[in-house]
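Worksheet for the structure shown next.
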Amino acid sequence: MSNFKRQILLCVLLIIASAAFYFLQIRIFHAERDTVFYLFQDLAFLPIQVLLVTVFVDQVFRIHEKITMLTKLNMVIGAFFSEVGTALLRSFSEFDVNFERICGKMLVTESWSEKTFREVSREVNTLPYNLDLTGKNLNQLREKMAAKRDFLLRLLENQNLLEHDTFTNLLWAVFHLSEELQAREDLSQLSGSDRAHLAIDMKRAYVLLIVEWLAYMKHLKKEYPYLFSLAVRLNPFDPAASPVVK
């Protein structure tokens, strides 16, 4: 029996049961008028019951589902930074002329509050990033990103990521930069305009990475202190970063 047929059968059985109880009530108490009165009173309250169930209760379930989905998404984001993101931040920082200026703001510690994370996130969005690709080994970066291409494609296939716009934008920016690098045969012989174009693509991915990394660190500090401890020790903005506990 199909699920739809089972539902129809259940509805019929419930209606029959309800009619049987009303019939017994009339036969036992002989109060047809009172039974009809209370029947209509129950029917009058039915729209309010529907309102409570469909609006308020449904909203509670939706909020719970959204929290559950965001938790799963944060697991995906964690896998991204473990597999690709942190290494990309280190690679991109080699092209950042003002990297030392950013480092001073990104040394996350246990003492950081949610307010600190918000303030730093706003500040890094407004910094004048300057990426210089002249004389740098772009071929090595291309190889690193090509090695993670399949991983990035699997992430882009995750439909749940549509619920996380900023992370989706980050993935597309990183994937686009990878495609731009792969499309050129010799990255050591770029024209000035082509190098400037690639610098813009890298800057886009770089800034989105920094902002998303801060949000991820904030999440770890709140929900997973032991993971946060390791992430702090592996901070890509800390020149002295080391996984060894000192």
Side-chain angles (χ1 to χ4, degrees), residues 73-74 76-108 112 116-149 151-153 155-156 161 164-184 187-188 190-220 231-232 234-241:
L73 286 179
N74 280 317
V76 175
I77 293 172
F80 167 78
F81 278 105
S82 296
E83 187 73 18
V84 183
T86 303
L88 279 181
L89 279 172
R90 291 194 183 97
S91 296
F92 292 164
S93 66
E94 296 176 3
F95 301 89
D96 187 359
V97 176
N98 300 320
F99 181 65
E100 291 184 1
R101 178 180 177 182
I102 298 175
C103 285
K105 303 179 184 298
M106 302 291 287
L107 298 180
V108 181
W112 277 36
T116 306
F117 277 106
R118 287 196 302 270
E119 290 175 349
V120 174
S121 183
R122 282 196 298 267
E123 189 172 356
V124 297
N125 264 312
T126 60
L127 289 176
Y129 295 94
N130 182 14
L131 272 63
D132 184 7
L133 277 56
T134 306
K136 299 296 192 302
N137 192 346
L138 288 172
N139 288 304
Q140 187 178 14
L141 176 62
R142 175 171 62 183
E143 292 173 3
K144 288 180 180 179
M145 298 186 74
K148 303 298 181 181
R149 180 182 176 87
F151 178 77
L152 292 173
L153 283 173
L155 289 182
L156 287 170
L161 290 179
H164 202 304
D165 293 338
T166 56
F167 186 64
T168 302
N169 291 338
L170 166 58
L171 285 180
W172 279 117
V174 171
F175 192 76
H176 174 70
L177 175 61
S178 178
E179 286 189 317
E180 288 277 7
L181 295 175
Q182 291 294 326
R184 290 160 175 77
L187 293 171
S188 63
L190 297 175
S191 65
S193 58
D194 200 25
R195 192 179 295 109
H197 175 80
L198 288 175
I200 292 173
D201 289 334
M202 187 181 295
K203 175 183 175 181
R204 182 188 303 113
Y206 185 44
V207 176
L208 289 172
L209 261 174
I210 292 173
V211 174
E212 199 61 44
W213 181 80
L214 279 171
Y216 176 61
M217 293 294 285
K218 176 183 175 183
H219 167 72
L220 289 185
V232 168
L234 295 177
N235 188 335
F237 298 96
D238 185 359

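Sequential numbering from 1 along the given sequence is applied to the chain's residues.
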- Using modelled atom types only, decide if a donor and an acceptor are shared between the side chain of Ser121 and the backbone of Val211 within a distance under 3.5 Å. no
- Mind checking the CG-CD spacing from Leu187 to Gln182? Nearest 0.5 Å is all I need. 8.5 Å
- Which atom of Cys103 lies closest to which atom of Phe237, heavy atoms considered: SG-O, 3.2 Å
- Task: Answer yes or no: is there a side-chain heavy-atom contact under 4.5 Å between Glu179 and Arg149?
- Result: yes
- Are side-chain heavy atoms of Trp112 and Val232 found at a separation under 4.5 Å? no
- Message: For Arg101, is there any backbone N or O sitting under 3.5 Å from a side-chain donor or acceptor partner on Asn98?
- Response: no
- Item | Verdict with reasoning, Phe151 to Val84, per side chain to side chain contact (heavy atoms under 4.5 Å, CB included) | CA-CA 9 Å; Phe151 178 77; Val84 183; 3.5 Å; yes
- Item | Nearest heavy-atom neighbours spanning Leu214 and Val120 | CD1-CG1, 3.9 Å
- Message: With a 4.5 Å cut-off on side-chain heavy atoms, are Asn235 and Met217 touching?
- Response: no
- Query: Is any side-chain heavy atom of Leu88 less than 4.5 Å from a side-chain heavy atom of Met145?
  - Reply: yes
- Ser188 and Asn139: which non-hydrogen atoms are nearest, and at how many Å? N-ND2, 4.2 Å
- Would you please test His219 and Ile77 for side chain to side chain contact (heavy atoms under 4.5 Å, CB included) and show each step? CA-CA 11 Å; His219 167 72; Ile77 293 172; over 6 Å; no
- Task: Could you tell me whether the side chain of Leu208 reaches within less than 4.5 Å of the side chain of Thr166, counting heavy atoms only?
- Result: no
- Item | Distance, nearest 0.5 Å, that separates NE2 of His197 from OG of Ser191 | 10.5 Å
- Message: So does Ala173 get a backbone contact from the side chain of Arg204, meaning a donor-acceptor N/O pair under 3.5 Å?
- Response: no
- Item | Shortest non-hydrogen contact from Ala146 toward Ser178 | N-OG, 4.5 Å
- Quick one: CG on Leu131 to CG on Asp201, what's the gap to the nearest 0.5 Å? 11.0 Å
- Query: Which heavy atom of Phe99 sits nearest a heavy atom of Ser93, and at what distance?
  - Reply: CE1-CB, 3.2 Å
- Message: Does any part of the side chain of Ile102, heavy atoms only, come nearer than 4.5 Å to the side chain of Tyr206, both counted from C-beta?
- Response: yes
- Message: So which atom in Asp194 and which in Leu190 form the shortest heavy-atom distance, rounded to 0.1 Å?
- Response: OD2-CD2, 3.4 Å
- Item | Minimum side-chain heavy-atom gap Leu138-Met202 below 4.5 Å | yes
- Query: Are side-chain heavy atoms of Leu234 and Arg90 found at a separation under 4.5 Å?
  - Reply: yes
- Message: Taking the basic N atoms (NZ, or NE/NH1/NH2) and the acidic carboxylate oxygens, is any pair closer than 4.0 Å for Arg184 and Glu180?
- Response: yes
- Glu100 atom CD: more than 12 heavy-atom contacts under 6.0 Å: no
- Query: If you measure from CG on Leu156 to CG on Leu171, what distance do you get to the nearest 0.5 Å?
  - Reply: 5.0 Å
- Query: Of the options Trp213, Phe80, Phe175, which is the one that meets Leu170 in a side chain to side chain contact (heavy atoms under 4.5 Å, CB included)?
  - Reply: Phe80
- To the nearest 0.5 Å, atom CD1 of Ile210 lies from atom NZ of Lys105 at 12.0 Å
- Query: Okay, side chain of Thr86, backbone of Ser82: is any donor-acceptor separation there less than 3.5 Å?
  - Reply: no
- Query: Roughly how far apart are Phe95 CZ and Leu133 CG, rounded to 0.5 Å?
  - Reply: 5.5 Å
